[in-house]
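Worksheet: the structure to be examined is printed underneath.
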Protein chains: 2
Amino acid sequence: MASANTFLRQQPLLQLLQQTDGEISAQELHQRLRATRHRAGLATVYRVLKQLQQAGIVRCRKLPSGEAVYAPVDRDEHHLTCVQCGHIQTLPLCPISSGSLGLGVVVMQGFRPLFHTFEIHGLCRRCQQNEISGNV
Amino acid sequence: MASANTFLRQQPLLQLLQQTDGEISAQELHQRLRATRHRAGLATVYRVLKQLQQAGIVRCRKLPSGEAVYAPVDRDEHHLTCVQCGHIQTLPLCPISSGSLGLGVVVMQGFRPLFHTFEIHGLCRRCQQNEISGNV
DNA sequence: GCTAGAACGACAACCATTCTCATACTTGGG
DNA sequence: CCCAAGTATGAGAATGGTTGTCGTTCTAGC
């Protein structure tokens, strides 16, 4: 159950997330926390991240590499990912905030949306060029 | 380089994917392939899946559990995922096919899109109810 | 048939994440 | 102020999907 103590844990981690540009992994958060007076075990970092996620404060996304990266939900960014080299660039498009897609259907099903991910996977310019010449 | 042999590997795997409802993991594909005369090592299954993905034939998505699931790209399905219990349901919404979102920006950046993922994460009805009564 | 190069697969290695469990802390009584 | 019960913590082990290794097998061209 969420005690006052729980919130004390969440706060420094949340601050770190907000100070960080882009997305950050749990491992990296753990490292950075070590440098402060709020150091916490890796297990705790994962526990707190899960709480923040379920509270709708933080969002999470899996990279192709398998590691999960986190960011505040209010930072509504999406991404282009190259399926070959894994290179990532941010995507200036959001189906939700652009108002082009309603979530009515979702809510009607009794589901409470907290955050969404929208990603486009493909080949970046560089990998397309390599494909033509060197080929893989 | 892609030899005729390579394509022979891809075909049975692709058939399995097309015969399967929804998404399927590499491990599961490997298991099912064992039952046929097209059995292949796990490493090969992963290799072929990567080729099919880079060829724009198959798409891939990571579940919260960490495992990757695959499906033919032409099956344009997206998902609702509960951040608590992990329950998944399909989502009758697509920002691309609904025409509400153009990919012009992406292409203009020299990026060649192959597939996209759109997921909404939140709390399913059951988990919302448990939250009220039992609380976590 | 022979050779060079590609593909294969069994198994080891990797690594992010989760689990375990003994310890430390918090809180509400007494 | 002290105690007991219930939580939270963290070090390290365990897990498990994925990727790397490397000797073997296959293919294509001659």
Side-chain angles (χ1 to χ4, degrees), chain A residues 1-13 23-55 58-71 81 83-86 121 134-136, chain B residues 1-14 23-55 58-71 81 83-86 88 121 134-136:
Chain A
M1 208 161 294
S3 66
N5 194 11
T6 301
F7 292 121
L8 285 176
R9 282 308 196 154
Q10 293 181 353
Q11 206 172 345
L13 210 154
E23 303 165 304
I24 183 173
S25 72
Q27 305 273 349
E28 177 80 22
L29 275 168
H30 176 239
Q31 286 304 322
R32 296 207 193 168
L33 233 34
R34 285 195 73 76
T36 74
R37 63 194 173 86
H38 302 291
R39 56 180 55 187
L42 196 50
T44 300
V45 171
Y46 279 107
R47 279 191 281 248
V48 172
L49 282 171
K50 183 165 234 175
Q51 290 163 7
L52 288 171
Q53 195 184 147
Q54 292 179 358
V58 158
R59 66 174 168 77
C60 169
R61 156 176 106 92
K62 297 259 178 193
L63 299 183
S65 69
E67 68 182 342
V69 288
Y70 301 83
T81 307
V83 294
Q84 193 151 120
C85 68
H121 301 256
N135 206 343
V136 186
Chain B
M1 209 161 293
S3 66
N5 193 13
T6 302
F7 293 120
L8 285 177
R9 282 307 196 155
Q10 293 181 354
Q11 204 171 348
L13 211 154
L14 193 50
E23 303 165 306
I24 183 173
S25 71
Q27 306 272 349
E28 176 80 22
L29 275 168
H30 176 239
Q31 286 304 322
R32 295 206 193 169
L33 233 34
R34 285 196 73 76
T36 74
R37 63 195 173 84
H38 302 290
R39 56 181 56 190
L42 196 48
T44 300
V45 171
Y46 279 106
R47 278 191 280 247
V48 172
L49 281 171
K50 182 165 233 175
Q51 290 163 5
L52 288 172
Q53 196 184 147
Q54 292 179 358
V58 157
R59 65 174 168 78
C60 169
R61 155 177 107 93
K62 296 260 178 193
L63 299 184
S65 70
E67 66 182 345
V69 287
Y70 301 83
T81 306
V83 294
Q84 193 152 119
C85 68
I88 292 175
H121 301 257
N135 208 342
V136 185

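Note: hydrogens, waters and symmetry copies are ignored here, and every other heavy atom, side chains too, is used.
Mapping A:Arg34 and B:Lys62 onto DNA chain D by nearest heavy atom places A:Arg34 closer to the 5' end of the strand.
Considering only side-chain N and O atoms, A:Tyr46 lies under 4.0 angstrom from the phosphate OP1 or OP2 of C:dT17. Taking only side-chain nitrogens and oxygens, A:Arg9 never comes nearer than 4.0 Å to OP1 or OP2 of D:dA8.
You'll find that the side chain of A:Gln27 is closest to C:dA16, out of D:dT18, D:dG10, C:dA16. With D:dT18, C:dG9, C:dT17 as the candidates, the nucleotide lying closest to the side chain of B:Ala43 is C:dG9. Comparing atom distances between the B:Thr44 side chain and each of C:dT17, C:dG9, D:dG10 picks out C:dG9 as nearest.
Under a 4.0 Å N-O distance rule, the pair B:Lys62/B:Glu67 does not qualify as a salt bridge.
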Derivation and outcome, side-chain contact (heavy atoms from CB on, under 4.5 Å), residues A:Leu13 and A:Leu49:
CA-CA 8 Å; A:Leu13 210 154; A:Leu49 282 171; 3.7 Å; yes

Could you walk me through whether B:Thr81 and B:Leu63 pass side-chain contact (heavy atoms from CB on, under 4.5 Å), step by step?
CA-CA 9 Å; B:Thr81 306; B:Leu63 299 184; over 6 Å; no

Apply side-chain contact (heavy atoms from CB on, under 4.5 Å) to residues B:Arg59 and A:His121 and explain how you reach the verdict.
CA-CA 9 Å; B:Arg59 65 174 168 78; A:His121 301 256; over 6 Å; no

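Nucleotide C:dC8 holds its P atom 13 Å from the CG atom of B:Leu49, rounded to whole Å. Between A:Leu8 atom CG and C:dT27 atom P there is a gap of 9 Å when expressed in whole angstrom units. Here the P atom of nucleotide D:dT19 and the CD atom of A:Gln84 are 14 Å apart, to the nearest Å. Between B:Glu28 atom CD and D:dT18 atom P there is a gap of 12 Å when expressed in whole angstrom units. Rounded to a whole Å, the CG atom of B:Leu42 is 15 Å from the C1' atom of D:dT21. The distance from atom NE2 of A:His30 to atom C1' of C:dC15 is 15 Å, rounded to the nearest whole Å. Rounding to whole angstrom units, CG of residue B:Leu13 and C1' of C:dA7 are separated by 15 Å. When rounded to the nearest whole Å, the span between CD of A:Glu67 and C1' of C:dC15 equals 10 Å.
Side-chain atoms of B:His30 come within 3.5 Å of backbone atoms of B:Ala40 as a donor-acceptor pair (strictly under, hydrogens ignored).
Applying the 3.5 Å distance criterion, the base of C:dG9 shares a donor-acceptor pair with the side chain of B:Arg47.
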